[in-house]
Amino acid sequence: MERFVTRGQKRPGSDGATDEAPRGSEKKRIKVEICDDEGVKEEDEDAAFEEFSHPIPWQKIEADGLDCDYALLFSKEEADHLFKQLEEEVVYMKGEEAKVQVFGKVYSIPRKQATYGDEGLTYTYSGVKHSACPWTPTLEYIRDAVTKTTGQTFNFVLVNRYKDGQDHMGEHRDDERELDPLCPIASVSLGAARDFIFRHRDARGKQSHRHIEPVKLELAHGSMLLMNPPTNTFWYHSLPARKKVLLPRINLTFRRILLDSKK
DNA sequence: TGGCTATCACACCA
DNA sequence: ATGGTGTGATAGCC
């Protein structure tokens, strides 16, 4: 069974007049598709709250073992500006660095990637160790904006650039060995809106024991998706190809990498 | 040791 | 019929 659900409309009865809306008290509409054998259950989104310093309308996205928060972090004008700045500043991997080995065969990854972060940090992707470049001004600005709204600090960002709808990323989880398991991953989107799909690890494959429908959402220009633990443990995510998308998208995933003393 | 990663083939749908 | 999309098979490396 599949249903499209629009969640997060303004609560009936909320006066909606307060400037200092606590997190979750006022919602923007985004299209979230939550599918479930028994249909959709509406949760009280106000039940979840944390003290954030900036009042932003948050959208809670929850399923079994999945816990995300979605918000528009930047206005269109600011997001346009940031996108342009990143197009000038970010230097992407090329050549051998942009290749990946899958089932013995070597491919160029279907997107461009770059890693930035605190000095000396490294990140392993598909068995290849990348060292982080020093932060650029725009990446620092966005990082700080994320920190202000989430209260979380980050020492690393993975930049993915999808030149159009043909560029994509296959289903995966982020490497848990290197990541601080208690720190959420903050995913900032700039440019073309793209579909984003979560699938539960027990609902993959031909004969999976559980029937858990995927959670699908669209990541808008200037948005931020916070993936809270334990989401990354149970849910794979992907950015599927979309032939109709003709414009580029830049995605920034801010993380906290453990200083590699232990692996 | 097992889980990862992209592509291809093919089924399904409108 | 056609094109876009979703799912499974693939089988080597660390």
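These figures come from a predicted structure and were not determined experimentally. A note on names: the letters A, B, ... follow the listed sequences, proteins ahead of strands, and every chain is numbered from 1.
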Sorted by chain and number, sequence neighbours left out, salt bridge (Lys or Arg N to Asp or Glu O under 4.0 Å) with A:Arg242 holds for A:Asp195
Can you say whether the rings of A:His200 and A:Phe234 are parallel (under 30°), tilted (30 to 60°) or perpendicular (over 60°)?
parallel
Check: A:Ala193 main-chain N/O paired with A:Arg249 side-chain donor or acceptor under 3.5 Å:
no
What are the two closest non-hydrogen atoms of A:Asp118 and A:Ala132, and how far apart are they?
O-CB, 4.3 Å
Not counting sequence neighbours, which residues clear salt bridge (Lys or Arg N to Asp or Glu O under 4.0 Å) with A:Asp144? List them please.
none
Decide whether a cation-pi geometry holds between A:Arg143 and A:Phe254; the criteria are a distance under 6.0 Å from NZ or CZ to the six-membered ring centre and an angle within 45° of the ring axis.
no
Pairs satisfying salt bridge (Lys or Arg N to Asp or Glu O under 4.0 Å), at least one member in residues 152-167 of chain A, at least two apart:
A:Glu87-A:Arg161, A:Lys163-A:Asp167
DNA chain B: first to last nucleotide in contact with chain A (atom under 4.0 angstrom from a heavy atom), 5' to 3', is B:dC4 to B:dT7
Whether A:Trp235 and A:Phe198 hold their rings parallel, tilted or perpendicular, with breakpoints at 30° and 60°:
perpendicular
Using both pair distances under 3.5 Å as the test, note the stems of at least 3 consecutive Watson-Crick or G-U pairs that include DNA chain B.
B:2-4 with C:12-14, B:6-14 with C:2-10
Any donor-acceptor N or O pair under 3.5 Å, side chains A:Asn232, A:His237
no
Sidechain-backbone polar pair: A:Arg194 side chain, A:Pro240 backbone, donor-acceptor under 3.5 Å
yes
Write out a two-atom table: protein N or O, nucleotide N or O from nucleotides 1-8 of chain C, distance below 3.5 Å.
from	atom 1	to	atom 2	distance (Å)
C:dT5	OP2	A:Lys243	N	3.0
C:dG6	OP1	A:Arg242	NH2	3.2
C:dG6	OP2	A:Arg242	NH1	2.8
C:dG6	OP2	A:Arg242	NH2	3.2
C:dG8	OP1	A:Gly205	O	2.9

